[in-house]
Novice: 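Attaching a single structure in structure tokens format; questions to follow.
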Protein chains: 2
Amino acid sequence: MTLSSTDDIHKALTVGEVAERSGVAVSALHFYEKKGLIQSSRSAGNQRRYHRDVLRRVAVIKVAQRIGIPLAEIAEALGELPDGRTPTARDWKRMSAKWRGHLDERINDLTVLRDQLNECIGCGCLSIKACRLRNPFDSLSEEGPGPHF
Amino acid sequence: MTLSSTDDIHKALTVGEVAERSGVAVSALHFYEKKGLIQSSRSAGNQRRYHRDVLRRVAVIKVAQRIGIPLAEIAEALGELPDGRTPTARDWKRMSAKWRGHLDERINDLTVLRDQLNECIGCGCLSIKACRLRNPFDSLSEEGPGPHF
DNA sequence: CTTTTACCTTAACTAAGGTTTAGGTTTTAT
DNA sequence: ATAAAACCTAAACCTTAGTTAAGGTAAAAG
């Protein structure tokens, strides 16, 4: 049996459909397109039509944003894919492995900060000379948890 | 022996001196004052004069910002101190203990995210239904590290 | 006494990541 | 055929945390 037209896997998606399925506002999709993060073709009447792949691209964008990657950097990473293709599983592995490094660093920074804060809550000093919280570049404060190589 | 005038502990500080000692730009000090985070009196010629306590206040602001507390919230916390006093060691303990909770939460969120990302790097799917990265509110994803009470 | 240097205020500008509004067109449903 | 729902563009607006500029005054140094 043939697919009904609404389920047709080859049907291009309108911006409203992409918004609903991806959980991203229409205005944000316009914005992403302007920034070069996603692409669309146009209908005879100049309305955006998206390939289904856009959903995966938007998923990648959302995850990268949660990690804390700015849109410009996400755009750059997506732009490095050959012929602007949507990231494959392999592409995604490469990108996400790179971004995980960013995440590790952020977690490490915050953990160092928490340790310093715990120390400081104990003394309450905020001393200009002695307090590691106030002297984040003090060599002592570089001994945080996590890898240091 | 008496203190020289430049070392006088009671001398009010100019905005430039506060900027230099606190490592915060003059424009930022103006900004903090407009937002009610710090106070100053004025010289005969309408120039700002700061009590030395302002240095401790600015130190608190800087630490809170590192933790990720927005200025409005810092202003609120500082505003709750009786007669607008500069935080004592006790005050600081109370504030920082509260903010540490914020920090713990952020660290926990990021750690959950990292675990999900590691899982996803393994599969590369980004599947709409199955991928925990794409479904952060999935009940499974609530099993992160750290306390859950 | 004069020249720097520091300071004053107000307003505009920056960056990121969008949202809102206004005015007009296309698609879809009736 | 018409009306409603969805879409289009451009520009303005929003938030946070400030910085920069312009035009003028005060304080410090020589």
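Residue numbers start from 1 in every chain, and the chains themselves are labelled A, B, ... in the order their sequence lines are given, proteins ahead of strands.
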Novice: For dC7(D), does either OP1 or OP2 sit under 4.0 Å from a side-chain N or O belonging to R48(A)?
Specialist: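 It does not, given that no N or O in the side chain of R48(A) lies less than 4.0 Å from OP1 or OP2 of dC7(D).
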
Novice: Does the side-chain contact (heavy atoms from CB on, under 4.5 Å) test come out yes or no for R100(B) and N118(A), once each step is laid out?
Specialist: CA-CA 8 Å; R100(B) 193 190 44 195; N118(A) 284 337; 2.6 Å; yes

Novice: Does any N or O in the side chain of T86(A) come within less than 3.5 Å of the main-chain N or O of R57(A), such that one atom is a donor and the other an acceptor?
Specialist: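 Pair absent, no side-chain N/O of T86(A) close to backbone of R57(A).
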
Novice: Are D91(A) and T88(A) linked by a side-chain donor-acceptor pair shorter than 3.5 Å?
Specialist: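 There is such a pair between these side chains.
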
Novice: Just wondering, do L78(A) and M95(A) contact through their side chains at under 4.5 Å, heavy atoms?
Specialist: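 Counting from C-beta outward, M95(A) and L78(A) do come under 4.5 Å.
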
Novice: Over how many whole Å does the gap from I38(B) atom CD1 to dG18(D) atom C1' extend?
Specialist: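 Roughly 13 Å, once rounded to whole Å.
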
Novice: Any Lys/Arg nitrogen of R94(A) or E80(A) sitting under 4.0 Å from an Asp/Glu carboxylate oxygen of the other?
Specialist: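 No, R94(A) and E80(A) are not salt-bridged.
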
Novice: Do the non-hydrogen side-chain atoms of H102(A) and R106(A) ever get within less than 4.5 Å of each other?
Specialist: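 Contact flag for H102(A)/R106(A) side chains = yes.
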
Novice: Can you check whether H30(B) has a side-chain N or O nearer than 4.0 Å to OP1 or OP2 of dC8(C)?
Specialist: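 So the side-chain polar atoms of H30(B) do come within 4.0 Å of the phosphate oxygens OP1 or OP2 of dC8(C), strictly under.
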
Novice: Counting primed atoms plus P, OP1 and OP2 as sugar-phosphate and everything else as base, spell out the protein contacts along nucleotides 13-30 of chain C at 4.0 Å heavy-atom distance: B, S or - for each nucleotide, 5' to 3'.
Specialist: ----BBBB-----SS---

Novice: Take the protein atom CD1 of I74(B) and the nucleotide atom C1' of dT16(D), then report the distance between them rounded to whole Å.
Specialist: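 Those two atoms, CD1 and C1', are 12 Å apart.
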
